[in-house]
S.K.: 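Dropping a structure here in structure tokens format, bear with me for questions.
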2 protein chains.
Amino acid sequence: MAPLSRARIVAAAIDLIEREGADAISMRRIAADLGVGVMSLYNHVPNKAALLDAVAEAVLSQISFDDDPSAEWTERVRIQARAFRQIAHGYPRSTMVVVSRQLKSPAGLFPVERALATLRDAGFDGEDAVQILRAFIAYIIGSLLREVGVTPTFAPGNLGGADLPPDVDTTLFPEVSAVATHLCAGDHEKSFEYGLDMLIRAIAVQLRESKAAGRGGARG
Amino acid sequence: MAPLSRARIVAAAIDLIEREGADAISMRRIAADLGVGVMSLYNHVPNKAALLDAVAEAVLSQISFDDDPSAEWTERVRIQARAFRQIAHGYPRSTMVVVSRQLKSPAGLFPVERALATLRDAGFDGEDAVQILRAFIAYIIGSLLREVGVTPTFAPGNLGGADLPPDVDTTLFPEVSAVATHLCAGDHEKSFEYGLDMLIRAIAVQLRESKAAGRGGARG
DNA sequence: GGGTGGCACGTACGCTGTACGTGCGTCAAT
DNA sequence: ATTGACGCACGTACAGCGTACGTGCCACCC
């Protein structure tokens, strides 16, 4: 048996989360899966919180950014956003863990660096780039939460429908009832791309305004 | 002493969360705060998960929508979005609880109804209204998570700065270092309004395109 | 008066994270 | 070769968790 190591512990934790959900995770289960004693874990990880941080970092660091630096900036931010979403597909149950702990490690900073470079190349000054990036991250995280939150047990049936309780009061919620079909139809990718399109176009508009108003911020 | 009731239990739970954080919540602590036995809680609440759902619903139902139905739709969605953010200010530690459990109750459906009515009044058809709403909710939730996640212990010092570790490698992360000032400066309201502006303008652009392309969706 | 049901409560069980002590294996210095 | 130090796996133990179950009190209706 390979010697116990931090990496093996983190891998086992991710595996367990993906198989049985984030709630099922415990030091004892992880140790059992690894075939070691519980306390052996603490020789490599200070405590459970740190282990979850390590899980978040490991998942996050698997993002692969393959956007072409010479491409149009609109396409680059689109690809970067998709890369984020991709990890949520690879590790759906871990997404909540990643999102719920904010980490200040290089793994978390790397995508930020990439995005800022893209936005500043596009012509935004520092403050606007930061604000735009924040808006993007907020949108992406919110989207991922919706995607993974809607399928807490991964029942294959609720991917297309049964999202809404069937007993919505038609008179109390006329609008909801009217668009119930679309509300229930949960094509996550389509929704994600829809909002992504919106955001990118908004940024493009802002950039034009910014340029029209001369150098400096997009305030106007 | 007033008789134990579901409402009193939920209120005590919210109180406890706000005072000591979401991690500190336990049935025993709640019971102790109420001066009752632990198991008495279970006469009014089936289990802890249901209690947390009730907490989320109680917090969510305190949103007050005072947007003027005759106002411009851009202003209405802005005010509705702010109303959401407002609850995160009233119950900062509970926000994570609200966000992490998706609920299909009237309390959760009411804001949806309101928003859909506004968007459809603005001229969007059902599908676009739903997609736009989803993008908005994603942005708002993502923003709130950032706001409350940055202050897990509510230390008054870290509101303005100290967000970034001081040892960021300048050569590894040149962009991050260059805009570190803006990255650390965390004016949550300003950031929220910045992205909100972006989104609303994006929707306005989309609406114009939609109208220019004739009746129907905004698909161009 | 006698049944019935709601509600507060104590006890108990299996689970959790982790502090602490112990023993084994390997390597460095003598 | 002997000894000491150190790293690491592990068992035990403890406080705290959610909650299943049983008990007893009290208000109610027949």
S.K.: Whole angstrom is fine here: how far is it from CD1 in I9(B) over to P in dG18(D)?
M.R.: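 One finds 13 Å between P of dG18(D) and CD1 of I9(B), rounded.
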
S.K.: For the backbone of R8(B) and the side chain of S5(B), can you confirm whether one donor and one acceptor N or O come within less than 3.5 Å of each other?
M.R.: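 Yes.
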
S.K.: Going by the angle between their ring planes, with limits at 30° and 60°, are F110(B) and F173(A) parallel, tilted or perpendicular?
M.R.: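 Ring orientation, 0 to 90° scale: perpendicular.
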
S.K.: Can you say whether a donor on the side chain of R28(A) sits under 3.5 Å from an acceptor on the base of dG17(C), or the other way round?
M.R.: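 Per atom types, the contact qualifies.
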
S.K.: Nearest whole angstrom, please: distance from the P of dT16(C) to the CG of D23(B).
M.R.: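 In whole Å, dT16(C) P lies 17 Å from D23(B) CG.
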
S.K.: In whole angstrom, give the distance that lies between atom CE of M27(A) and atom C1' of dC10(D).
M.R.: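 That distance rounds to 14 Å.
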
S.K.: What is the distance from CD1 of I30(B) to P of dC17(D), rounded to the nearest Å?
M.R.: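 Going from I30(B) (CD1) to dC17(D) (P), I get 10 Å.
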
S.K.: Nearest to the side chain of M39(A) - dC20(C), dG18(D), dT16(C)?
M.R.: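 Among dC20(C), dG18(D), dT16(C), the one nearest the side chain of M39(A) is dC20(C).
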
S.K.: Which whole-number value in Å describes the distance from Y42(B) OH to dC17(D) P?
M.R.: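 Going from OH in Y42(B) over to P in dC17(D) covers 11 Å.
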
S.K.: With a 4.0 Å cutoff (strictly under), does any side-chain N or O of S26(A) reach OP1 or OP2 of dT16(C)?
M.R.: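 The answer is yes; a side-chain N or O of S26(A) sits under 4.0 Å from OP1 or OP2.
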
S.K.: Output the distance between atom CG (L199(A)) and atom CZ (F136(A)), rounded to the nearest 0.5 Å.
M.R.: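 So the gap between those two atoms works out to 5.0 Å.
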
S.K.: Nearest of dC8(D), dT18(C), dT16(C) to any side-chain atom of V38(A)?
M.R.: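 That would be dT18(C).
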
S.K.: Can you tell me if H44(A) touches the phosphate of dG7(D), counting only side-chain N or O atoms and a distance under 4.0 Å to OP1 or OP2?
M.R.: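 Negative; the distance criterion is not met.
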
S.K.: Would you mind telling me which of dT18(C), dC8(D), dA8(C) lies closest to the side-chain atoms of K48(A)?
M.R.: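 Taking heavy atoms from C-beta onward, the closest nucleotide is dT18(C).
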
S.K.: To the nearest 0.5 Å, tell me how far E193(A) CD sits from M198(A) CE.
M.R.: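 E193(A) atom CD to M198(A) atom CE measures 13.5 Å (nearest 0.5 Å).
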
S.K.: Whole-Å distance between dG17(C) P and R29(A) CZ?
M.R.: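 It works out to 12 Å between those atoms.
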
S.K.: Using atom CG of L34(B) as one end and atom C1' of dC7(C) as the other, report the distance to the nearest whole Å.
M.R.: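 About 15 Å, once rounded to whole Å.
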
S.K.: Whole Å only: how far is the CG atom of L41(A) from the P atom of dA9(D)?
M.R.: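 Answer to the nearest Å: 9 Å.
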
